[in-house]
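The structure appears below as structure tokens.
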There are 4 protein chains.
Amino acid sequence: MTERSIVPREAGAEKRRLILAAAVRVFARDGYHTSRVGDIAEEAGIAHGLLYHYFSSKEEVLETVFRDNWRELLGLIRRVEESDEPADEQLRGIAKILLRSWRNDPDLVTVMVREVARSPHLQGQVEEIREGFASIQRVIERGQAQGVLRADVDARLASWIFYGGLEELLTGWVLGQLPDGDEEVARAERTIIDVVCGGLTARDTVPA
Amino acid sequence: MTERSIVPREAGAEKRRLILAAAVRVFARDGYHTSRVGDIAEEAGIAHGLLYHYFSSKEEVLETVFRDNWRELLGLIRRVEESDEPADEQLRGIAKILLRSWRNDPDLVTVMVREVARSPHLQGQVEEIREGFASIQRVIERGQAQGVLRADVDARLASWIFYGGLEELLTGWVLGQLPDGDEEVARAERTIIDVVCGGLTARDTVPA
Amino acid sequence: MTERSIVPREAGAEKRRLILAAAVRVFARDGYHTSRVGDIAEEAGIAHGLLYHYFSSKEEVLETVFRDNWRELLGLIRRVEESDEPADEQLRGIAKILLRSWRNDPDLVTVMVREVARSPHLQGQVEEIREGFASIQRVIERGQAQGVLRADVDARLASWIFYGGLEELLTGWVLGQLPDGDEEVARAERTIIDVVCGGLTARDTVPA
Amino acid sequence: MTERSIVPREAGAEKRRLILAAAVRVFARDGYHTSRVGDIAEEAGIAHGLLYHYFSSKEEVLETVFRDNWRELLGLIRRVEESDEPADEQLRGIAKILLRSWRNDPDLVTVMVREVARSPHLQGQVEEIREGFASIQRVIERGQAQGVLRADVDARLASWIFYGGLEELLTGWVLGQLPDGDEEVARAERTIIDVVCGGLTARDTVPA
DNA sequence: AATGAATGAGCATTCATTCAT
DNA sequence: GATGAATGAATGCTCATTCAT
């Protein structure tokens, strides 16, 4: 429970985490390209050379930040996928996971949204990202098979649209363009489900 | 009529465009950070020093690429906004504009999606981006006011979700993760409207 | 004749030579590994970045120093080889060339002896070095064929021995272990020919 | 008799030798400058920190490699010098010692030829090297005094030339430029004595 | 003795930007 | 306008060495 209980082997993993956490803060503050290895080390309270005992390069630090976190999100998403809730509730669950990550760790979301959702850095990770989309797609397909969701829509495209909507909401917060707060996050959750499941089109409310 | 008829002032603008086009190709191929000013110059067939007669910095080139193009898109979006079509048709129009830009100029979309939709570079452009969202938001609000779209949804959040869905579809093509082709783009258009307007939820087919 | 007469194209070659000359001085003073690129630039009176307009790396500078000079020596040696002097006189000519280079440019000889006559750096140059030995070997073989030199000695090994003797004399001067001066160099020339051609063994002077 | 019988003090010396042997292999393979302390430690099967219990620096390792070996060679050379053989036989003995060291320990010779026979590292060892040359010089001088060797040659220069020839032969093997093998080494021995003692010049064989 | 985490000086190289011609 | 030589700030990374354990 105390620091002293950490056995040597864990100490290495611990320091690794320390560096990753520092990197997230620095990347969130300055952006990956602008951040210097020395900044990360300073934020972590270590000599910059030590960073290279744990990571082979600055880029590997970013990749690790992404991979570790995406893996965790993926695990949560899969748990939702494997639940026996109806598809629309599963989508709501997935939205919850992603949107709430903003409140849990804004710096981390900032890095994920800014640096990873794109180009050069994600080259090696495309496969892992794809799994997230695949999970959403399966949820939709199952919903269609069970008649909960309409079947005349391309599930794959729909999964990209759904994910894109979520990511854009996160981006809105990251950029300070959308109002922040627990209440706002809850509203965003409701809204994306309202939009994606219910649709924006007004229905003629059937009169009594 | 011939090139020689171009008056000097236009010649400058022409070379400017030449450089911007080259920059788009290079940024699309290598990414902004990896691209060197010399690469752009080489692609444009000029000496690298000359680039600084037309732009004050490498970053200004990127900003110009973004601004010029975003402004054009904005103009198109506004024309849709000002049309007297119903809101859902206006949204379809906006989707068409954005999604078809992929087929028109994949390199440009690649750069917009990868380099600009986020982080440090768009600092100064946030205002211009905001206008795009505002346009979409107004379309939705008008649709709600006219009873075409349901009014119990936050129009601002909905506009972000809609835009996010569009951008993610573009990203899918940029990353080579979604099947490409005119047909596919048309399907994506239909799908995003189906999803965002109609909603994914299955409706009880009206009984006879 | 004046500096102003140097045309632009030659200016580049001129600066190249300037850098090489500075590098020779610095390498001779501090050794290749200890020398920093900045030292060479400073010695040449240029910004260190400029060095990379002319050479791709610090190592290429060393290689060029070696190659340029070795090529020159090779040319001189070949001229001797192609002369119609007897073999022993040709060997004397070769000794002259190599030993006098010490007086001509001690820094250059220092670099050649210290940094190049060995290991990692000469990897790519082995072929060029080999040509020097080959030239000496041919001189010896021709001498043997013409009966000027004894034929019961392996010409290849003899060429290495001869060259080694010369290089060691240069090394002695480089290390400050052998007395220096024009007179000393002349004596060294005589000595190596005395030893290698005449042999150390005392002959019974033929009685009258 | 067993390893366990080695008393502690000897154990230390043993490990020291282990490190030196590893260093020779690594230096021979990668060159001194390219080799890292960690490489030596890994080759020796120890933690790199431990190396500093036995040596004060990486350079001291190289110096020790040189000194230990040179001392041994020096001892052998002196034994030859102190023998009562004629001078030319003594020179042959010295040649044997140096040339055969190639077959005994090619890695060691590689290091000696590449890293030590020159420059920065030998600064402190010049004195010890000088003794080797002095020994050869004394052999020659004694040969001259006894009338076995011609007296009209500078013994000091001759000793450098002789040593240079030997070193160059070793270099030829190190660089893979001269054919290797016991037979070849024996021929080299003969050749250097033929050349240095007999001389390359053809003699008119006195008819009976 | 032994380990290997930690330190930090040191350095080659890159590249955006300037400017003389 | 056009060129490309020249500048020099900036930085990722290496690795010899130290030292707590």
Side-chain angles (χ1 to χ4, degrees), chain A residues 8-9 11-12 14-16 19 33-42 44-61, chain B residues 8-9 11-12 15-16 33-42 44-61, chain C residues 8-9 11-12 14-16 19 33-42 44-61, chain D residues 8 11-12 14-16 33-42 44-61:
Chain A
R9 192 156 49 154
E14 185 60 27
K15 179 124 323 169
R16 213 181 136 87
I19 294 170
H33 277 102
T34 311
S35 304
R36 283 161 298 150
V37 170
D39 295 336
I40 301 171
E42 191 185 19
I46 61 168
H48 66 274
L50 188 56
L51 188 144
Y52 290 90
H53 275 254
Y54 295 93
F55 303 95
S56 66
S57 68
K58 180 184 159 188
E59 182 157 4
E60 206 209 27
V61 174
Chain B
R9 194 159 43 166
K15 183 138 301 184
R16 213 181 134 88
H33 276 102
T34 310
S35 304
R36 286 159 302 160
V37 169
D39 295 336
I40 301 171
E42 191 187 18
I46 61 169
H48 67 275
L50 188 55
L51 187 144
Y52 289 88
H53 277 260
Y54 296 94
F55 302 93
S56 67
S57 69
K58 179 184 160 190
E59 183 156 5
E60 206 211 24
V61 175
Chain C
R9 192 157 48 151
E14 186 59 28
K15 179 121 329 165
R16 212 181 137 87
I19 294 170
H33 277 102
T34 310
S35 304
R36 285 161 296 149
V37 169
D39 294 337
I40 301 170
E42 190 185 20
I46 61 166
H48 66 275
L50 188 55
L51 186 144
Y52 290 91
H53 276 254
Y54 296 94
F55 303 94
S56 66
S57 68
K58 179 184 160 189
E59 182 157 4
E60 206 210 26
V61 174
Chain D
E14 185 58 28
K15 182 139 301 183
R16 213 181 134 87
H33 275 103
T34 309
S35 304
R36 287 160 300 162
V37 170
D39 295 336
I40 301 171
E42 190 186 20
I46 61 167
H48 67 275
L50 188 56
L51 187 145
Y52 288 88
H53 276 260
Y54 296 94
F55 302 94
S56 67
S57 70
K58 179 184 160 188
E59 184 156 4
E60 205 211 24
V61 174

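Note that these values count all heavy atoms, side chains included, but never hydrogens, waters or copies made by symmetry. Letters A, B, ... mirror the listed sequences (proteins, then strands); counts begin at 1.
- Taking every side-chain heavy atom of D:Arg36 into account, F:dC15 is the closest of F:dC15, E:dA16, E:dT7.
- Both B:Ser56 and C:Lys58 sit near DNA chain E, but only C:Lys58 has its closest nucleotide nearer the 5' end.
- At whole-Å resolution of the value, NE2 in D:His53 and C1' in E:dG4 are 12 Å apart.
- For D:Lys15, a side-chain nitrogen or oxygen approaches OP1 or OP2 of E:dA2 to under 4.0 Å.
- B:Lys58 places a side-chain N or O within donor-acceptor distance of the main-chain N or O of B:Ser35, the cut-off being under 3.5 Å.
- Nucleotide F:dG4 holds its P atom 19 Å from the CD1 atom of C:Ile46, rounded to whole Å.
- Look at CZ on D:Arg16: it is 17 Å from C1' on E:dA2, rounded to the nearest Å.
- Along DNA chain F, the nucleotide nearest A:Gly49 and the nucleotide nearest B:Leu51 are compared for position; the residue whose nucleotide lies closer to the 5' end is B:Leu51.
- Not one N or O on the side chain of B:Glu42 forms a donor-acceptor pair closer than 3.5 Å with the backbone of B:Gly38.
- Atom OH in C:Tyr52 sits roughly 4 Å away from atom P in E:dT13 (whole-Å rounding).
- Rounded to whole Å, the distance from CG on B:Leu50 to P on E:dT18 is 14 Å.
- Across all strands shown, B:Tyr54 has heavy atoms under 4.0 Å from sugar-phosphate atoms exclusively, and none from any base.
- Rounded to whole Å, atom P of E:dT13 lies 9 Å from atom CD of C:Glu59.
- Residue contacts shown for C:Ser35 are limited to sugar-phosphate atoms, with no base heavy atom under 4.0 Å away.
- If you take NE2 of A:His33 and P of E:dT14, they are 16 Å apart, rounded to a whole angstrom.
- When rounded to the nearest whole Å, the span between CD of D:Glu42 and P of F:dC15 equals 13 Å.
- Closest to the B:Val37 side chain, of the nucleotides F:dT3, E:dT17, E:dT3, is E:dT17.
- Looking at D:His48, its side chain has no donor and acceptor atom pair within 3.5 Å of the base of F:dA16.
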